[in-house]
Undergrad: 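Got a structure for you, written out below as structure tokens; questions coming shortly.
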Amino acid sequence: MFYHIKELQYEAKPTKPNPVYAKLIQEILGGQYGEISVMMQYLFQGFNSRGDKKYRDMLLDLGTEEMAHVELLATLIARLLDGAPASVQEEGYKSDPVVAAIMGGMNPQHAIVSGLGAMPVDSVGNRWTAAYIGASGNLLADFRANLTAESQGRLQAVRLYELIDDHGVKDTLSFLIARDTAHQNQWLAAIAELEEAEGDVVVPSTFPRELEKQAVAYDFYNLSRGEASKTGRWASGPSMDGRSQFQYFSEPGPFAGKPKLAPAPPYIHDTQKFTKNTLPGYGMPDPMM
């Protein structure tokens, strides 16, 4: 059960309207790595959790906090849209070609569709989709995805911070950036704990290693020009799971020959290999030849 507390988790008060910037903020609300995505991802991972109850509790704690961040950004967007004629903002960003190139124009749907409110879309109007989220039931896989989401989300928030001189907006973003720092550290802690408990870093750790082709399990294949990749940690030395050694192959070869597929039967009507005395697709002599 959820219930709503009317106070915001943190203040969201721009010093002045800015509908052009409101369009940009939509990215960290409804984009692939926005607050709606992490809210849904953490909650569904928590709802589906069948293991240690502390992980379920953590997921639901963080997912519920992300609900607060959705409300925070929706409020910030609505206030950025308040009281500013689009013509005034258009004149402002057109006066600076650099800003214009970065920002583009106001999202017309903020005026036409949402009535000066936030929407579940990204900064170019793409609708938020559940395809952005992952909840596999394997917590190590999911927590790594969560770390990626928080990393990308923090990166985007930092970039938005650099694009605005409104100290009220910067203050709100500063709070969200700090919470992303906290969440990254928390996912890293949970990942380290799971890796230690499972005694492995490979997902899933429960699949028997003898059933995989172990002879190629630690190879690195150079499949592009140059050999700069040879200097990386992934190319030599102990593997990260401690079970073997990385091997670098400068000129890897194939493990099998050219594939040869049997012709499809006539009723499939695939394109067949033609010869001079063959009707297309049927393999029968051509009476006209």
Side-chain angles (χ1 to χ4, degrees), residues 8-42 63 65-133 148-181 183:
L8 292 176
Q9 186 185 23
Y10 193 78
E11 192 53 83
K13 284 187 176 179
T15 60
K16 59 185 177 181
N18 191 334
V20 175
Y21 193 75
K23 174 184 176 181
L24 302 188
I25 289 288
Q26 283 285 164
E27 189 63 39
I28 58 171
L29 175 63
Q32 181 178 0
Y33 300 109
E35 301 291 356
I36 296 176
S37 291
V38 289
M39 173 189 76
M40 295 293 283
Q41 182 155 301
Y42 301 169
E65 180 180 2
E66 301 299 358
M67 286 185 183
H69 295 175
V70 169
E71 182 180 25
L72 186 65
L73 286 174
T75 303
L76 181 64
I77 289 170
R79 288 173 171 170
L80 284 166
L81 292 169
D82 279 346
S87 59
V88 174
Q89 287 299 318
E90 186 176 1
E91 183 178 330
Y93 76 78
K94 280 187 175 179
S95 66
D96 187 335
V98 176
V99 174
I102 295 173
M103 289 187 150
M106 175 185 178
N107 183 353
Q109 291 192 336
H110 278 153
I112 300 167
V113 177
S114 66
L116 303 183
M119 297 184 295
V121 302
D122 65 14
S123 56
V124 293
N126 297 313
R127 294 302 195 254
W128 183 85
T129 169
Y132 292 157
I133 73 169
T148 296
E150 292 286 351
S151 301
Q152 295 284 358
R154 188 175 188 274
L155 174 62
Q156 292 177 359
V158 165
R159 287 171 173 169
L160 284 166
Y161 184 95
E162 301 288 2
L163 287 175
I164 191 73
D165 59 3
D166 186 309
H167 65 81
V169 174
K170 280 184 175 289
D171 186 54
T172 302
L173 291 176
S174 178
F175 173 80
L176 293 172
I177 290 166
R179 292 308 299 154
D180 286 346
T181 297
H183 292 170

Undergrad: Give the table of side-chain donor-acceptor pairs shorter than 3.5 Å for residues 170-177, with sequence neighbours excluded, one pair per line with atom names and distance.
TA:
from: K170; atom 1: NZ; to: Y161; atom 2: O; distance (Å): 2.7
from: K170; atom 1: NZ; to: I164; atom 2: O; distance (Å): 3.2
from: D171; atom 1: OD1; to: Y10; atom 2: OH; distance (Å): 3.0
from: D171; atom 1: OD2; to: Y10; atom 2: OH; distance (Å): 2.9
from: T172; atom 1: OG1; to: E11; atom 2: O; distance (Å): 3.0
from: T172; atom 1: OG1; to: G168; atom 2: O; distance (Å): 3.3

Undergrad: What is the minimum heavy-atom distance between L29 and A118, and which atoms define it?
TA: CD2-CB, 3.8 Å
Undergrad: Calculate, to the nearest 0.5 Å, the distance between atoms CG and NZ belonging to N18 and K23 respectively.
TA: 12.5 Å
Undergrad: Within the structure provided, determine whether H183 and R179 are in side-chain contact (heavy-atom separation under 4.5 Å).
TA: yes
Undergrad: What I'd like to find out is whether the side chain of Q9 reaches to under 4.5 Å of the side chain of E65, using heavy atoms alone.
TA: yes
Undergrad: Using side-chain heavy atoms (C-beta onward) and a distance below 4.5 Å, is E66 in contact with V70?
TA: no
Undergrad: Measuring from R159:CZ to E162:CD, what's the distance to the nearest 0.5 Å?
TA: 10.5 Å
Undergrad: What's the separation between atom OH in Y42 and atom CE in M67, rounded to the nearest 0.5 Å?
TA: 13.5 Å
Undergrad: Could you state the interatomic distance from CG (L24) to CD1 (I77), rounded to the nearest 0.5 Å?
TA: 10.0 Å
Undergrad: Are the side chains of L80 and L76 in touch, meaning some heavy atoms are under 4.5 Å apart?
TA: yes
Undergrad: Check I36 against G30 and note the closest heavy-atom contact, atom names and distance.
TA: CD1-CA, 4.2 Å
Undergrad: List the atom of P19, the atom of L81, and the distance in Å for their closest heavy-atom pair.
TA: CB-CD2, 3.6 Å
Undergrad: Is it the case that the side chain of Q32 and the backbone of Y132 share a donor-acceptor pair, with hydrogens and angles ignored and the cut-off at 3.5 Å?
TA: no
Undergrad: side-chain contact (heavy atoms from CB on, under 4.5 Å) with A78: which residues, sequence neighbours excluded?
TA: none
Undergrad: Which heavy-atom pair separates D166 from K16 by the least distance, and what is that distance?
TA: OD2-N, 3.3 Å
Undergrad: Among pairs that include at least one residue of residues 118-128, which meet side chain to side chain donor-acceptor pair (under 3.5 Å), considering only residues two or more places apart or in two chains?
TA: E27-S123, S37-W128, Q109-R127, D122-N126
Undergrad: Rounded to the nearest 0.5 Å, how far apart are CD of Q41 and CE of M39?
TA: 11.5 Å
Undergrad: What are the two closest heavy atoms between V38 and A149, and how far apart are they?
TA: CG1-CB, 3.7 Å
Undergrad: Quick check against the 3.5 Å criterion: does Q26 have a side-chain atom that pairs as donor or acceptor with the backbone of G125?
TA: no
